[in-house]
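Each remark here refers to the structure printed beneath this line.
Bear in mind that the values here come from a model prediction, so they are computed numbers and not experimental data. The figures here come from the full heavy-atom set of this structure, side chains too, leaving out hydrogens, waters and symmetry mates.
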2 protein chains.
Amino acid sequence: MAETRRSYDQYCALALSLDRIGDRWTLLIVRELLIGPRRYTDLRTALPGIATNLLADRLRRLERDGIVALTTSEPGAARYELTSFGRELETPILALVRWGGRWLVEADPALQFRVEWLVIALRALLAGAADLPSIEFRVDGETMHARSVNEGIDVQLGPAPAPSVVITADRDSVMGVASSGLSLLDAVKRGHVQVVGDPKTVRAVDRALRHRTELRSRYRSADPG
Amino acid sequence: MAETRRSYDQYCALALSLDRIGDRWTLLIVRELLIGPRRYTDLRTALPGIATNLLADRLRRLERDGIVALTTSEPGAARYELTSFGRELETPILALVRWGGRWLVEADPALQFRVEWLVIALRALLAGAADLPSIEFRVDGETMHARSVNEGIDVQLGPAPAPSVVITADRDSVMGVASSGLSLLDAVKRGHVQVVGDPKTVRAVDRALRHRTELRSRYRSADPG
DNA sequence: CGGAATCCTCTTCGATACTG
DNA sequence: CAGTATCGAAGAGGATTCCG
């Protein structure tokens, strides 16, 4: 009975959030479910190192808090998926991804990696980009796509319905563009990235990838009186 | 020697972020420092329940990662403060505060509370508001203020230099406005909030407080192929 | 008094084994 | 496939002590 959970006991929205999603592994589970619904075993393989009892415990808590739901829509294939409330965690998570991009540069390249995580990296990168043409990405055998969807950009696994631009790249080039300010066209010149599409559209994509949503640090810290 | 820290070992900006700021108490320490520089003892009293060794450990790690710095500018009063990189955590943190606002409504009102935390709540609420007049808030003996600062809103402790509007309220009214959609003018009618200022300006403040930055959930989840 | 280190207990995590 | 059960190892919580 893990009914006596630790709590910060603070009347503060951040502390109350962390009481629910601050435990180890929890936000990484949410990250996986932001990519798409997943079965229990999918989550286990997508989160190397998580103990099965922890996964079960976290999922139970997330269900109880209305963040995750277990759907049995398709027979015999129960899947965990985010509720609409849980999906709203995408905004803070993508903000954290943007903040943490700096660590990618100096990270050990031997760390575990799954191509699906690029979906998250691309969402973080492209959020706020305006007028993005439909793009298909092909990275290490996996296909994903980005397209404009009512005022925002949607990035999902799978091929684009009607791509204007197709980008074929390796992991490091995508991460380089997403995190360290490498421009798409420079990456092409280096030879690890191929881009197919109308040149004008390609330039628009290059611009969108540079955009890099400069919404951060709008506040100035000043010494309080 | 806590030199063998747990790591997710994932090449993903979220996991790398959580390796640094995902431990218990860490983000709450950052929250305190977002309000202003703090001495070690200030942090201890502002974070009821934190063990002193944990606070020391977390601060050391935050220093090592370039998020926090110890300044000895004023003699005899060493203070911890956020670096510019650390200040960039404000964006994800305020996003989490906005997400977690729903829990405030059903939270136990007996939870620990410090008036300074309203600075964070107000920053989360007012982010993105346009053309906000200078406002002074007086809550439970503490004074804070909000004002427009190059394209953003800045909320700090202390009185406003030249307030256009002065709002006097109790904690619950501020949290009600910040989290549960209570409008300022309704709160005034209920009698727990006094507002002093030009009526037209007050209406502008009311509008800004309703604004409630609807940047979230721009993405739609769709089943991947 | 500010800023910790130490010690001890309790909880949570992690790894493996096991079950409906 | 989808979890429980178990158990040793870290990590957290609280009190006390130490140092400049």
* Asked: Any idea which of dA17(C), dG3(C), dG13(D) is nearest the T52(A) side chain?
  -> dA17(C)
* Have a look at A51(B) and say if it touches a base, only the backbone sugar-phosphate, or nothing, with a 4.0 Å heavy-atom cut-off. => base
* **Residue R58(A), side-chain heavy atoms: nucleotide from dC13(C), dA4(C), dG13(D) that is nearest** => dC13(C)
* To do: Taking only the side-chain heavy atoms of N53(A) (C-beta and beyond), determine which of dT6(D), dA4(C), dC13(C) contains the nearest atom.
  => dT6(D)
* What is the nucleic acid contact for T41(B), judged by heavy atoms within less than 4.0 Å: base, sugar-phosphate only, or nothing? -> sugar-phosphate
* Asked: Going by the angle between their ring planes, with limits at 30° and 60°, are Y40(B) and Y80(B) parallel, tilted or perpendicular?
  -> tilted
* R24(A) side chain near dG14(C) phosphate (N/O to OP1/OP2, under 4.0 Å) -> yes
* Asked: So does W25(A) get a side-chain nitrogen or oxygen closer than 4.0 Å to the phosphate oxygens (OP1/OP2) of dG14(C)?
  -> yes
* Report yes if at least one side-chain N or O of R6(B) is closer than 4.0 Å to OP1 or OP2 of dG14(C); otherwise report no. => yes
* Between dT16(D), dG3(D), dG13(D), spot the one nearest the side chain of A56(A), thanks. => dG3(D)
* Atom CG of D23(B) to atom P of dT12(C): distance rounded to whole Å? -> 15 Å
* R60(B), nearest nucleotide to its side chain (from dA12(D), dG2(C), dA4(C)) -> dA4(C)
* How would you label the contact of R44(A) with the nucleic acid (heavy atoms, under 4.0 Å): base, sugar-phosphate, or nothing? -> nothing
